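Shown next, in structure tokens, is the structure this report addresses.
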2 protein chains.
Amino acid sequence: MTGIQEIARATGLSKSTVSRALRGLPSVSETTTRSVQRTAERLGYIPSSSAAGLATGRTRAIGVLVPVIDRWFYVKVLEGIDAQLRAAGYDLILYNLGGRGGDRERVFHRSILRKRVDALVVLCLVFDPGEREQLQAMEYPVIVVGGPGPGVRHMGIDDRKAGFAATSHLIELGHTAIAHIGGEDESGLNAAVPLERREGFIAALAAARIEARDEWIVNGGFVFEGGYRAMKELLSKPGPRPTAVFAASDEMAFGALAAIAQEGLSVPGDISVIGVDGHQNGEVLGLTTIRQNPYQQGVDATRVLLAELEGRGHTESFEPAPFDLVRRRSTGAPRPLDPEDSLDRVR
Amino acid sequence: MTGIQEIARATGLSKSTVSRALRGLPSVSETTTRSVQRTAERLGYIPSSSAAGLATGRTRAIGVLVPVIDRWFYVKVLEGIDAQLRAAGYDLILYNLGGRGGDRERVFHRSILRKRVDALVVLCLVFDPGEREQLQAMEYPVIVVGGPGPGVRHMGIDDRKAGFAATSHLIELGHTAIAHIGGEDESGLNAAVPLERREGFIAALAAARIEARDEWIVNGGFVFEGGYRAMKELLSKPGPRPTAVFAASDEMAFGALAAIAQEGLSVPGDISVIGVDGHQNGEVLGLTTIRQNPYQQGVDATRVLLAELEGRGHTESFEPAPFDLVRRRSTGAPRPLDPEDSLDRVR
DNA sequence: GTGAAAGCGCTAACAA
DNA sequence: TTGTTAGCGCTTTCAC
């Protein structure tokens, strides 16, 4: 109802001055500013973001594109982005692909490309060439968090190194029978993350001259239940049992722990488990993990975008985000094996 | 770059006709419509939501206000809202209070009340009178999902009944020593949900003439770790141990299960556990629960809002959302107690 | 079925 | 420091 105009009338000033005062521009006298703000308050003035957006070409909103919402990592990054945007007075528009590849095109056209947002944070998605072209054409800042893809700058940990570090930890403990619960490329999700963590796994085994067994690399889809099923699968396979498991995410590791407990096995006595992420529940559950800080990654990515929107600098590539190994009680040395077993029997 | 104007020029039509054609209004000949759409495509036309918003007063965006993001229930509701909005071509603006009560005022003023959105879905928050007044003044549709508050219509399960049902299940199994892990009013969160579930708990005990023990009602803050700590606390208390626990959310129940396992106790042998929500992980973990469908609640709430925005109907109050009891292996009859114990000893 | 013209509420030169 | 004057890109009467 009340627009800038009414305030102008009420204060006897011009629209422009009111506009400036409302935005706190320095070119307005303090007296005027105060008077304007008081009247605005009194009249219950509410600015129209559409009008401002139309006039400036800026929406003061940032889009966040997520593959799915229901995942610890995404939620944490989202929290970081949100905190940063809120502090800067920007709004957050959430674009969820919802796992379905189908809607992807529509999201791209209908929403993102409608000048609704000034910039875009993308979580763990790879773009096809067409999409990249469109993004480029839009000319607004884009940044990917978590998993590199071709043609777009990205921020996140080095997943290969993370996988390597996790596996090395198990090897250093003395394990040689190590399985991997990873993920495969799900519709629209970035294939890079699971792939690189697996590569790190394989590289670490190779470096220790341990042969990777194909049947010990299973898919857990990056979710709790998937980790559970994958672990069950590993345990039900004929032949020797792995003494350690590297799960590519903590959520899958939690599932694996549940499966192991359900089979009556002990951790780390029978099987050691290590995850990746640093999920807060890992503390209670005693999960050893490669910890990263997705919240901070969200914050950092947003900072970069905001800086660019304000014309201060532009960064094309970033240092990999840090990670570290958190040793807890889910990993330990493998139980002395067959030799002792036989000894026992001999006695 | 390309606006409606260029298309008008390119097709030799007027801006108005192009506008109509682009929106698929019936008052335009099919030929024209097709021609316009083709040219728009060719020119890479991207509509400006600000301009449309300014002209119509509609933003085609819905705000979603959440207390925190990092909670299963909120995420599921969010998914439901998102799916529905996407289908309707609306955008979703996420307002996260991030647990902090402090930012609340800013969120209210700076963002929500900026005509950025056409309507508002609020998750589990109660408003103070001032906020309610503002919302009313805005005159746009608002609906609360999950937990009733004064002055705003709401959609969700009857939490009191849910608490009653959960507790009754334990009582029917034969339990009389029943504890409750609930939550307290956290900054800005709706006090109603934890309170009502607890009331249901107490009512069920009363109905069975079981005395509620104050020391068996503990706070788990509605998170995994809180449930874990609360359970530890219950187990470390002097005196008799409860034989069953009603956790006000599945996430807390999972924490309780972890604590019980860590203490070397068995479920349901030593302690039965029931939760509320229907979290998917409960299936794997065998958690008995009062299942509800937050996704659907999100969908329904959004439907109501969209219907109102399109001028079809207005609903002031809703049937409570459904819930049901899912029996799994975390609940069972209590172990025959002291009497047998003594008998054993006598023999 | 199409066009002309008048805004929607704000910002941003340019003057004063 | 303030006011004047044009728009920003679209929608929407009202004519034709």
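These numbers were taken from a predicted model, which means no experiment stands behind them. Letters A, B, ... are given to chains in the order of the sequence lines, protein chains preceding strands, and every chain is numbered from 1.
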- In residues 23-34 of chain B, which ones come under 4.0 Å of DNA chain C, going by heavy atoms?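 Contacting residues: B:S27, B:V28, B:S29, B:T32.
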If I compare all heavy atoms of [X] with all of [Y], which pair ends up nearest, and what's the gap?
X     : Y      : answer
B:L22 : B:A40  : CD1-CB, 4.1 Å
B:F73 : B:C124 : CE2-SG, 4.0 Å
A:N96 : A:V68  : OD1-CA, 3.5 Å

How many Å lie between [atom1] on [X] and [atom2] on [N], as a whole number?
X     : N      : atom1 : atom2 : value
A:R20 : D:dT1  : CZ    : P     : 11 Å
B:R58 : C:dG9  : CZ    : P     : 14 Å
B:Q5  : D:dG9  : CD    : P     : 10 Å
B:L13 : D:dT11 : CG    : P     : 15 Å
B:L54 : C:dC10 : CG    : P     : 9 Å
B:I4  : C:dG7  : CD1   : C1'   : 15 Å
B:R9  : C:dA4  : CZ    : P     : 14 Å

With respect to the side chain of [X], which nucleotide from [options] is positioned closest?
X     : options               : answer
B:K15 : C:dA12, D:dT11, C:dG9 : D:dT11
B:A55 : D:dG3, C:dT11, D:dT11 : D:dT11
A:S14 : C:dT11, D:dT11, D:dG3 : D:dG3
B:S48 : D:dC10, C:dA4, D:dT4  : D:dC10

- Heavy-atom donor-acceptor pair, A:S16 side-chain to C:dT11 base, under 3.5 Å: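 No, no donor-acceptor pair under 3.5 Å.
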Salt bridge check: are [X] and [Y] linked by an N-O gap of less than 4.0 Å?
X      : Y      : value
B:E79  : B:K76  : yes
B:D91  : B:R60  : no
A:R132 : A:D128 : no
B:E308 : B:R153 : yes
A:E41  : A:R38  : no

- Task: For B:T56, answer base if it contacts any base atom (sugar-phosphate contacts may also be present), sugar-phosphate if it contacts only those atoms, and nothing otherwise; contact means non-hydrogen atoms under 4.0 Å.
- Result: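 Answer is sugar-phosphate: B:T56 comes under 4.0 Å of backbone atoms only.
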- Message: Side chains of B:T17 and B:S14 only: does a donor on one sit below 3.5 Å from an acceptor on the other?
- Response: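 Yes, side-chain donor-acceptor contact under 3.5 Å.
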- Does any donor atom in the side chain of A:S19 or A:S16 lie under 3.5 Å from an acceptor atom in the other side chain?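 Checked: A:S19/A:S16 side chains show no N/O donor-acceptor pair below 3.5 Å.
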- Task: Could you tell me whether the phosphate oxygens of C:dT11, OP1 or OP2, come under 4.0 Å of any side-chain nitrogen or oxygen in A:S19?
- Result: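 Checking C:dT11 against A:S19, a side-chain N or O does come within under 4.0 Å of OP1 or OP2.
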- Message: On the nucleotide D:dG3, are OP1 or OP2 found under 4.0 Å from the side-chain N or O atoms that A:T17 carries?
- Response: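 Yes, within the criterion.
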- Message: Using a strict heavy-atom distance below 4.0 Å, which residues from residues 39-47 of chain A are in contact with DNA chain D?
- Response: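 DNA chain D contact set from residues 39-47 of chain A: none.
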